[in-house]
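First up is the structure itself, then whatever we jot down about it.
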Amino acid sequence: YLSDSAQADPVEQTLAPDLEEFSQKDDQDIQKRPPTPDTLADLVTCGILRSHQQERFRIRHPAYTAHLAAPLLFEQKSVEKIISQPDWSQKYLCLGKLAAIDPQASWIQGLVKSHENDLLHAGLLHAARWLKSAPDKNLWTSSLMRRLAVELQNPQVPLALKSALGSALVLSGISGVAVLMRQLLKADDVRVRSLAALCSGMLADQKSTPELTNLLQDPQPLATYAAALALAAISSEPALDALAAGLLERLAIQKVSLA
């Protein structure tokens, strides 16, 4: 968000010329009537513009700027100019809008590759956030989904990062994610099994109920707890019955062991 001060921050001052270039259209092709004072006042009132001294205005929220700039970036083939900028919020907002309108988006693979040595996989996670707004049958979505699935199963990736990758897959809204998670419920790595269970619960995938029921008998408590949470989140009658039966069985085992 922008501050109340009329003075832009140093990063924005450095990168503003590029954005202004992308936001201009050729007046020789399109003749536009300048906005009236009433129009500007309305835009200020509804929160799109912010007024400053000497009758200057600026777009209030970076998301609006990204929405307006992305079509021009795509038309002018100027994506690389944005990618080469230092990291800042406006950069990734613009790239996200571009990913939604660019069916090829070959630059995404380069962005992910440029962060390969980053332990936090920043490039991969940034691109993963764009999946939910990508149109169907975009060429870049399938390759990105495969990369997310590979990293989710990578034993070198810490659990916290695996959780972020799993959440990105779930929030993508792509139908094949539920199938992938059902497969990962049988993974050798207990962390992967547990995350797959939690993701199945987030998806409310009723087809995963049999696998989750079996996971209640997993020797690893982490997987067992995750399966129980997933069944409770699914909340269908078969899921709740399986959860109740599993809890009663575990209670009976504990009573026997204490006797």
Side-chain angles (χ1 to χ4, degrees), residues 112-113 115-132 134 141-259:
V112 173
K113 190 174 182 180
H115 288 78
E116 278 187 345
N117 296 326
D118 181 6
L119 296 177
L120 298 179
H121 292 274
L124 183 59
L125 289 174
H126 275 302
R129 295 188 184 100
W130 306 332
L131 285 169
K132 59 184 177 181
T141 56
S142 58
S143 60
L144 185 60
M145 291 289 290
R146 285 194 296 269
R147 178 65 185 275
L148 287 168
V150 167
E151 293 300 329
L152 183 63
Q153 300 173 74
N154 185 348
Q156 304 300 322
V157 175
L159 181 59
L161 186 52
K162 284 181 182 288
S163 301
L165 296 171
S167 297
L169 284 167
V170 170
L171 295 175
S172 71
I174 296 176
S175 57
V177 174
V179 178
L180 172 64
M181 293 306 166
R182 290 200 294 272
Q183 295 172 350
L184 295 181
L185 287 171
K186 302 175 183 178
D188 294 333
D189 190 337
V190 62
R191 300 176 303 168
V192 176
R193 294 198 303 274
S194 302
L195 284 174
L198 294 175
C199 290
S200 296
M202 290 176 66
L203 291 165
D205 179 23
Q206 297 188 23
K207 292 182 179 180
S208 66
T209 300
E211 289 88 350
L212 291 170
T213 303
N214 294 333
L215 202 61
L216 288 174
Q217 308 302 323
D218 195 282
Q220 296 291 338
L222 181 63
T224 302
Y225 297 153
L229 289 172
L231 290 169
I234 293 172
S235 292
S236 65
E237 185 174 348
L240 294 177
D241 288 344
L243 177 59
L247 292 176
L248 289 173
E249 182 179 353
R250 182 172 291 272
L251 181 60
I253 293 174
Q254 289 178 348
K255 285 183 178 180
V256 171
S257 63
L258 293 174

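Side chains included, hydrogens not; waters and symmetry mates left out as well; all remaining heavy atoms used. What you are looking at is a predicted structure, and each value in this text was computed from that prediction instead of being measured.
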What donor-acceptor contacts under 3.5 angstrom involve side-chain atoms of residues 162-170, with partners at least two apart or in another chain?
residue	atom	partner	partner atom	Å
K162	NZ	L152	O	2.6
K162	NZ	N154	O	2.7
S163	OG	L159	O	3.0
S167	OG	S163	O	3.0

Only pairs under 3.5 Å count here: list side-chain donor-acceptor contacts from residues 226-252, not counting sequence neighbours, and write none if there are none.
residue	atom	partner	partner atom	Å
S235	OG	A232	O	2.5
S236	OG	A239	N	3.3
E249	OE1	Q217	NE2	3.4

Subject >> From CG (L203) to CG (L198), nearest 0.5 Å >> reply: 11.0 Å

Original post:
Residues two or more places apart in sequence or in another chain: which of them pass salt bridge (charged side-chain N to carboxylate O under 4.0 Å, His left out) with E211?
Top reply: none

Original post:
Who passes side chain to side chain contact (heavy atoms under 4.5 Å, CB included) against V179, sequence neighbours left out?
Top reply: R182, Q183

**OP:** Please report the closest heavy-atom contact between L215 and A197, naming both atoms and the distance.
**Re:** CD2-CB, 3.9 Å

Subject >> Approximate separation, where rounding is to 0.5 Å, of Q153 CD and L148 CG >> reply: 11.5 Å

Original post:
Pairs in or reaching into residues 184-201: which pass salt bridge (Lys or Arg N to Asp or Glu O under 4.0 Å), with residues at least two apart or in two chains?
Top reply: D189-R191, R193-D218

Got a list of side-chain donor-acceptor pairs under 3.5 Å for residues 122-131, not counting sequence neighbours?
residue	atom	partner	partner atom	Å
H126	ND1	R129	NH1	3.2
W130	NE1	H126	O	3.4

**OP:** For L180 and A149, work out which heavy atoms get closest and say how close.
**Re:** CD2-CB, 3.8 Å

**OP:** Would you check if L212 and L216 make a side-chain contact, meaning some heavy-atom pair closer than 4.5 Å?
**Re:** no

**OP:** Taking the side chain as every heavy atom from C-beta outward, state whether S208 and M181 have any atom pair closer than 4.5 Å.
**Re:** no

